[in-house]
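Heads up, the thing below is written out as structure tokens.
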Amino acid sequence: MDIVVTLQDGDSVTVAAPISVREALDRLLSNKQKKRTIAARANGQSVDLSRMLTGDTTLEPVLIETEEGLDILRHSAAHVMAQAVRDIFGPEVKVAIGPAIENGFYYDFLRNEPFSPEDFDRIEQRMLEIAEARQPFVRSELPGEEAVALFERQGEKYKVELIRDLGAETVSLYQIGDFTDLCRGPHLPDTSLVKAFKLLRVAGAYWRGDEKNDVLQRIYGTAFFDAKALNKYLHDLEEAKKRDHRKLGRELELFTIQDHIGPGLILWQPKGALLRRLIEDYWKDEHYRHDYELLYTPHIARQDLWKTSGHLDFYSENMYSAMDIDEVKYQLKPMNCPFHIGVYGSRKRSYREFPLRWCELGTVYRYERAGALHGLLRVRGFTQDDAHIFCRPDQLEEEIFNILNLNLHILQNFGFSEYDIYLSTRPEKYVGSDENWQRATEALKLALEKKGLTFMVDPGEGVFYGPKIDIKIKDVLGRAWQCSTIQVDFNLPERFEMSYIGADNTEHQPIMIHRALMGSLERFIGVLIEHYAGAFPLWFAPVQARILNITDDQADYCEQIYAQMRKAGVRIEKDLRNEKLNYKIREAQLAKIPYMLIIGDKEKETGSVTVRLRDGKNLPPIPVDEFIRKVADECRTGRGI
RNA sequence: GCCCACGUAGCUCAGAUGGUAGAGCGCAUCCUUGGUAAGGAUGAGGUCACCGGUUCAAUUCCGGUCGUGGGCUCCA
């Protein structure tokens, strides 16, 4: 029988069936393309090159350099690793699952002994041997029951469970060497392409991510099509390590976390505190300019408040236990919203004063599982750049739009211009009317579209009280960080029986929007440290310049210009120690200070400073007041005001 | 919380079959006054995370506690 095989872009050929994908593609592709093809899509479905075609098919080659190609490579690498582990440690090691993930792959194993770094060497060695052996990935299909029997004989209980849960009539298996694995595929034609890989770490993981299940050992690795790409990735990892905010935070004396004070609790050192203050001042200024009003509210409240708000019912796992004050229970706040509602309730409200835009840098305390804590990025006490907007339903879309404007303005000013944006819609459990949900979701969507933002819809991922927009910012290494969130809330206005008098002189319920732009100051500063590798732009660098004298002869002059600049608002330091200039420059450089002011006799005589930049370049000597003006100008530009 | 690994000077790390420890950087003092990434000398710093057990003796072995790191959604 003849069939027609058509390429995605239109070329087609009539061939005798059955024919393998590889043979069909041979007829349709250039030699160059053939070499780079490792799998294909047949009528939209991913298949191996060895798959036999029996009917008319539209084919699309999967090339090695594409994301899909890389996924297939990594998935195959996971299989090769599993085979290597089985070869070395024998069949008493049980295999679970081994998918490709964002930057590599992993495979989960059940083994009594922990894997050690020396084991990694052996496994990698064995993987290379498997690659050199050019073992083909052989696909086969078995009825589900037979596959269950096969894996039961091998004692592979996880595979058995997987097949049973699949409930499919037939399942596909892949064999390389004598290792057969349950797998949907597709895979590389053979193992020879798995040559640029590295095992990275081993970590515990629960079977199927459930802590009630067995704990498995997960070996993470990564793989690329050539050594160059692998090395670039490994180099990027090193680079990320250098930017680690925990390391830089210590070196630059920004913050400290101490055992005897408590995990997840941040102490801001003078430089970090100054950095934070600069960010807070900027934030407050921008909010003033965007018609917000600032609030301050307490850190604790009577437990009854949290009962009313529903936090005790829905959020108590994250709240610290109550304390007694005059025999009344009080609790630390995990959120600021009930307090803002308290401000709202201080008197009767009219539709005429809407929208109310109230912001606060509100410090909240949340219980985080011990294992989840991480530097500034996940802590137990943190300050949200919070705001609540109360408005009429007809103002919702415009308010969301305004928030997005302010949000992006602030993020961009801090150097973040790439985002992943998600719109999360109604989950299974929810409060509020369907009509409200639909209207609010629509308003969020329209605002995003009006702002020209591309976003992904996360169906059912909204909070129970309303739909939301989440914005993840991308840092200079392309890593995404969840910071901003904008949430509509149908729940709290109801629970607190909030109302306003409308134009019709009757009571209505206001719409409430929660939003945080930076998310938490702690996390945002952690991200900033990594994004800039500690070398902050002038406008929020805690130290903008350091005066370095060459000999004691210029000390008086240095003191004089230090006082002058400090008065003028330049964030200035002086290093007048009896050390060589080289030494002082090195220290200032390591402290990542934007400007070093070199002061020798020349500068002293002419009332000037010589400016050395962080990149090692020098500016010609300029008078002190000119330098002060320059700093002020650059800060104004930096603040985007 | 759970699994694995780890916890020695402010930082980065050595170290011993069980006999209370060392380097570099940093810090202090002195010498050196040197124009663009480390000048030299001397010195001070440690209940070896904490608690308990075994032992003549524990920082080292055992148990516990606290803390840190990597993970714990990404569907064979």
Side-chain angles (χ1 to χ4, degrees), chain A residues 71 75 78-79 82 95-103 105-108 110-117 144 147 151 156 158-166 168 171-174 180-185 187 200-220 244 246-247 250-251 253 256-264 317 367-375 461 548-555 576-591 596-603 610-618 621:
Chain A
D71 269 1
H75 189 185
H79 277 243
V95 294
I97 59 171
I101 53 173
E102 193 173 340
N103 284 309
F105 62 88
Y106 67 77
Y107 213 113
D108 286 345
L110 180 69
R111 179 179 177 232
N112 293 331
E113 301 295 308
F115 289 108
S116 69
F151 285 113
E156 293 288 1
Y158 303 114
K159 297 294 175 190
V160 171
E161 188 179 327
L162 286 171
I163 299 168
R164 290 225 163 103
D165 285 3
L166 272 176
V171 298
S172 56
L173 304 174
Y174 279 82
T180 304
D181 199 357
L182 172 72
C183 186
R184 186 172 50 194
H187 277 287
L200 296 173
R201 65 184 87 90
V202 58
Y206 300 103
W207 168 236
R208 301 198 141 179
D210 189 332
E211 50 191 86
K212 291 195 272 300
N213 291 341
D214 292 349
V215 175
L216 308 173
Q217 294 190 65
R218 174 171 297 178
I219 300 181
Y220 283 90
D244 191 317
R246 294 166 299 184
K247 178 173 175 281
R250 186 169 52 237
E251 288 172 0
E253 301 198 285
T256 171
I257 302 170
Q258 294 174 8
D259 289 7
H260 67 284
I261 289 172
E317 275 180 18
Y367 173 73
E368 292 287 348
R369 304 164 115 205
L373 299 174
H374 183 90
E461 286 300 306
L548 313 179
N549 62 337
I550 290 168
T551 72
D552 289 346
D553 292 343
Q554 303 92 37
L576 309 184
R577 293 173 303 170
N578 174 14
E579 295 289 352
K580 288 195 170 178
L581 182 62
N582 274 348
Y583 186 80
K584 295 185 188 183
I585 285 178
R586 179 184 150 82
E587 292 214 326
Q589 189 78 38
L590 293 176
M596 297 172 218
L597 305 180
I598 316 286
I599 308 298
D601 285 335
K602 273 186 298 191
E603 289 79 6
T610 294
V611 181
R612 185 191 202 269
L613 307 176
R614 266 188 296 219
D615 63 6
K617 291 197 188 97
N618 272 349

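Naming convention: chains lettered A, B, ... in sequence-line order (proteins, then strands); numbering from 1 in each chain.
Taking every side-chain heavy atom of A/Leu581 into account, B/U36 is the closest of B/C27, B/U36, B/G34. Listed nucleotides: B/G70, B/C72, B/A38. Nearest to the side chain of A/Ala203: B/G70. Taking every side-chain heavy atom of A/Ala370 into account, B/G1 is the closest of B/C2, B/G1, B/U36. In the set B/A37, B/G71, B/U36, the nucleotide with an atom closest to the side chain of A/Ala205 is B/G71. The side chain of A/Pro99 lies closest to B/C75, out of B/C75, B/C3, B/G35. For A/Tyr367, the listed nucleotide lying nearest its side chain is B/G1; candidates were B/G1, B/G34, B/U12. With distances taken from any side-chain atom of A/Asn618 to the nucleotides B/G39, B/G1, B/U36, the minimum falls on B/U36. Nearest nucleotide to the side chain of A/Thr610, out of B/A37, B/C3, B/G35: B/G35.
Comparing the C1' positions of B/U8 and B/C50 gives a spacing of 15 Å, expressed to the nearest Å. If you take atom P in B/A58 and the same atom in B/U54, they sit 11 Å apart, rounded to whole Å. Remark: the separation of the C1' atoms in B/G26 and B/U65 is 32 Å, to the nearest Å. Here the separation of B/G45 from B/C6, taken at their P atoms, is 32 Å to the nearest Å. When the P atom is used for both B/A9 and B/U60, the distance is 15 Å, rounded to whole Å. Distance noted for atom P between B/U59 and B/C51: 10 Å (whole Å). Atom C1' of B/G24 sits at a distance of 28 Å from the matching atom of B/G70, rounded to the whole Å. Rounded to a whole angstrom, the distance from the P atom of B/G43 to that of B/G19 is 28 Å.
Counting non-hydrogen atoms under 4.0 angstrom, A/His374 reaches the backbone sugars and phosphates but no base. Among the protein residues, A/Leu166 comes within range of the nucleic acid bases, having at least one heavy atom under 4.0 Å from a base atom. The residue A/Arg246 sits close only to the backbone: its heavy atoms come under 4.0 Å of sugar-phosphate atoms, none of a base. Residue-level contact check: A/Arg218 touches the backbone only, with heavy atoms under 4.0 Å from sugar-phosphate atoms and none from bases. Across all strands, A/Arg184 comes closer than 4.0 Å to base atoms (heavy-atom distances). As judged by a 4.0 angstrom heavy-atom cut-off over every strand, A/Asp165 is placed among residues making no nucleic acid contact. Within the nucleic acid shown, A/Asp601 comes within 4.0 Å of at least one base atom, counting heavy atoms only. Contact annotation for A/Asn582: backbone-only contact, meaning every heavy-atom pair under 4.0 Å involves sugar-phosphate atoms and none involves a base. A/Arg250 comes within 4.0 angstrom of sugar-phosphate atoms only, judged by non-hydrogen atoms across all strands, and of no base.
Across all strands shown, B/A37 remains unpaired; no Watson-Crick or G-U wobble contact has both distances below 3.5 Å. In this structure, B/U42 forms a base pair with B/A28, meeting either the Watson-Crick or the G-U wobble geometry with both donor-acceptor distances under 3.5 Å. In this structure B/A14 sits in no base pair that meets the Watson-Crick or G-U test at under 3.5 Å. If you check B/C72 for Watson-Crick or wobble pairing at under 3.5 angstrom, you find it paired to B/G1. Under the Watson-Crick or G-U wobble criterion, with both distances below 3.5 Å, B/G19 is paired with B/C56. Pair check for B/C66 finds B/G7; Watson-Crick or G-U wobble, both atom distances under 3.5 Å.
Between A/Arg586 atom CZ and A/Leu590 atom CG the span is 5.0 Å, to the nearest 0.5 Å. Separation of atoms CZ (A/Arg111) and CD1 (A/Ile219) is listed at 8.5 Å; rounding is to 0.5 Å.
Under 4.0 angstrom from either OP1 or OP2 of B/C25 there lies no side-chain N or O belonging to A/Tyr583. For A/Tyr220 and B/C72, the shortest distance from a side-chain N or O to OP1 or OP2 is below 4.0 Å. A close approach under 4.0 Å does not occur between any side-chain nitrogen or oxygen of A/Arg201 and OP1 or OP2 of B/A5.
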* **side-chain contact (heavy atoms from CB on, under 4.5 Å) between A/Thr256 and A/Arg250, intermediate numbers included** => CA-CA 7 Å; A/Thr256 171; A/Arg250 186 169 52 237; over 6 Å; no
* Could you go through the side-chain contact (heavy atoms from CB on, under 4.5 Å) check for A/Trp207 and A/Leu110 one step at a time? => CA-CA 9 Å; A/Trp207 168 236; A/Leu110 180 69; over 6 Å; no
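For B/G45, the O4'-C1' to base torsion is within 90° of 0; the nucleotide is therefore syn.
As rounded to whole Å, 15 Å separates atom P of B/C72 from atom CD of A/Glu368. Separating the CG atom of A/Leu590 from the C1' atom of B/A38 is a distance of 10 Å, rounded to the nearest angstrom. Between the CD atom of A/Glu579 and the P atom of B/G39 there is a distance of 7 Å, given to the nearest Å. Between the P atom of B/U33 and the NZ atom of A/Lys580 lies a distance of 10 Å, rounded to the nearest Å. B/C72 atom C1' lies 18 Å from atom OH of A/Tyr107, rounded to whole Å. Put simply, CD1 on A/Ile219 is 14 Å from P on B/A5, counting in whole angstrom units. The separation between A/Ile585 atom CD1 and B/A37 atom P is 6 Å, rounded to whole Å. Atom P of nucleotide B/U36 and atom CD of A/Gln589 are separated by 14 Å, given to the nearest angstrom.
Looking at every heavy atom in both residues, A/Pro621 comes nearest to A/Thr610 through CG-OG1, 3.7 Å. In terms of heavy atoms, A/Tyr220 sits closest to A/Ala203 at CE1-CB, 4.4 Å.
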Please write out the pairs of protein N or O atoms and N or O atoms of nucleotides 40-44 of chain B separated by less than 3.5 Å, giving the distance to one decimal.
none

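The closest side-chain donor-acceptor pair between A/Tyr158 and A/Asp214 falls under 3.5 angstrom.
Contact of A/Glu603 with B/G35 (side chain to base): a donor-acceptor pair of N or O atoms is detected under 3.5 Å. Below the 3.5 angstrom threshold, one finds a donor paired with an acceptor across the side chain of A/Tyr206 and the base of B/C2.
Side-chain contact check for A/Ile598 versus A/Lys584: every heavy-atom pair is 4.5 Å or farther apart. Taking the side chain as every heavy atom from C-beta outward, A/Ile550 and A/Ile599 never approach each other to under 4.5 Å. The side-chain heavy atoms of A/His79 and A/Cys183, taken from C-beta on, include a pair separated by under 4.5 Å. The shortest side-chain heavy-atom distance between A/Arg208 and A/Leu162 falls under the 4.5 Å cut-off.
Ranked by how close their nearest RNA chain B nucleotide is to the 5' end, A/Lys584 and A/Gly371 are led by A/Gly371. Position along RNA chain B of the nearest nucleotide to A/Arg586 versus A/Asp181 favours A/Arg586 as the more 5'-ward residue.
Checked by atom type and distance alone, the side chain of A/Lys617 never pairs as donor or acceptor with a backbone atom of A/Arg612 at under 3.5 Å.
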